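All of these numbers come straight from a predicted model, not from anything done at the bench. Counting convention: from 1, in listed order, for ligands and their atoms alike.
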Amino acid sequence: MSFVLPKGRPAIMGVLNITPDSFSDGGQFLDIELAIARAAEMMAQGADLIDVGAESTRPGAPEVSEEEEVRRLEPILPRLRELAIPFSIDTRKPAVASFAIDRGAVVLNDVSGLRDPQMIEVAARAGCYVCIMHMQGDPATMQKAPSYSNVVQEVKDFLAAQAQKAEEGGVARDRIWLDPGIGFGKRTSDNLALLNHLDQLVALGYPVLIGVSRKAYIGRILGSETEPAPLEERLPGALASQVLAQAKGARIIRTHDVKESVSAAKITTAILGT
Ligand code: HH2
């Protein structure tokens, strides 16, 4: 299945986690029928594609084996394909990426930012889109002591270097998306600076994806560092963040709350079009 980014408005990427432990929807979609119904519902609400993940990357999450990731994905992917639902695969493992691309994934979403050179080989061979995300460290430890001297510059340099490696490895330039990785090895202030200066990443010339949905920085600002506001109170903060990101040039918005994100993006698009 081919996939093309919409023109004049951001694409909305709906999140589907086939995991027992994801931070906001863990355990909800392990049942195959529920997962498919949720994907179809998000499409009906206006999602452009569905990001399927079978390993949680929340802070402190344990690693999942390749076999387990494949086992979780196996029954779901052919069903998405049958329903002509475009989907990305959210994985850090080349074998899992290959497995999903063979079953129709149009985007390889790698939260470890192509640090494993085999990921570049997989993406180049498949000719699919690839989302390169920045993360400091690994999910198991990334929130222990994140530190930067200039977060915007460091994230930008990393993404530019990884995009160049991907191009040298045979991934076409127009297949590359970049993502600052909100919440991945970042303090609250780092996340805010990356959002406020997102135009600097956009200036690299690749479509930029942003994932702010239900993230902890929103909870920490609304509550406190030690007592963040709960997940169900984070939607307005996520929408505020997505609107700002869109105004600064983000092309893809990753969200759990598709209906609300679609509405917010529509209004923002209307305003920016005047
Ligand atoms: N955030 C999460 C997972 N994958 N991929 C990209 N490109 N950008 C993101 O910001 C991003 C991502 C974390 O959210 P979620 O999937 O809901 O949680 P978990 O990792 O616990 O499954």
Atoms of ligand 1, numbered as shown, that sit under 4.0 Å from any heavy atom of [X]:
| X | answer |
| --- | --- |
| Leu209 | 7 (N), 8 (N) |
| Arg58 | 20 (O), 21 (O) |
| Gly211 | 10 (O) |
| Thr57 | 3 (C), 19 (P), 20 (O), 21 (O) |

With [X] as reference, evaluate [options] under the side-chain contact (heavy atoms from CB on, under 4.5 Å) test and give the passing residue.
| X | options | answer |
| --- | --- | --- |
| Cys131 | Ile252, Val208, Asn109 | Asn109 |
| Ser261 | Arg254, Met42, His256, Gln242 | Gln242 |
| Asp90 | Val52, Val111, Leu108 | Val111 |

Can you pull out the closest protein heavy atom to [atom]? Residue, atom name and distance to 0.1 Å, please.
| atom | value |
| --- | --- |
| atom 22 (O) of ligand 1 | Ser22 OG, 2.4 Å |
| atom 4 (N) of ligand 1 | Asp90 OD2, 2.8 Å |
| atom 18 (O) of ligand 1 | Phe23 CD2, 3.2 Å |
| atom 21 (O) of ligand 1 | Ser56 OG, 2.7 Å |
| atom 2 (C) of ligand 1 | Arg254 NH1, 3.3 Å |
| atom 6 (C) of ligand 1 | Asp179 OD2, 3.1 Å |

Exercise for the section: Find the distance between CD (Glu121) and CG (Asp116) and round it off to the nearest 0.5 Å. Expected result: 8.5 Å

Handout entry: Leu195-Ile221 co-clustered via ILVMFWY side chain contacts under 4.5 Å
Key = yes

Handout entry: Closest to atom 15 (P) of ligand 1 among Val111, Asn17, Ile210, Val107 (heavy-atom distance)
Key =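 Residue with the shortest heavy-atom distance to the ligand atom: Asn17.
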
Problem - Under 3.5 Å: donor-acceptor pair, side chain of Lys186, backbone of Val151 - result: no

Handout entry: Backbone N/O of Lys248 and side chain of Asp199: donor-acceptor pair under 3.5 Å
Key = no

Exercise for the section: Indicate, as side chain, backbone, both or neither, the part of Asp21 found under 4.0 angstrom from ligand 1 when only non-hydrogen atoms are considered. Expected result: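 Under 4.0 Å from ligand 1, Asp21 contributes no heavy atoms.
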
Practice task
Would you mind telling me if ligand 1 is within reach of the side chain of His256, the backbone, both or neither, using heavy atoms under 4.0 Å?
Solution key: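 It is the side chain that gets close, since no backbone atom is under 4.0 Å.
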
Exercise for the section: Start with the C-alpha gap between Thr188 and Arg220, add the side-chain angles, then the distance that decides, and say whether side-chain hydrogen bond (donor to acceptor under 3.5 Å, both in side chains) holds. Expected result: CA-CA 8 Å; Thr188 300; Arg220 292 195 293 256; 2.8 Å; yes

Practice task
Just say parallel, tilted or perpendicular for the rings of Tyr129 and Trp177, cut-offs at 30° and 60°.
Solution key: tilted

Handout entry: Short N or O distance, Asn109 and ligand 1, threshold 3.5 Å exclusive
Key = yes

Exercise for the section: Flag Lys215 as yes when one of its N or O atoms lies below 3.5 Å from any N or O atom of ligand 1, and as no otherwise. Expected result: yes

Problem - Minimum side-chain heavy-atom gap Gln136-Met142 below 4.5 Å - result: no

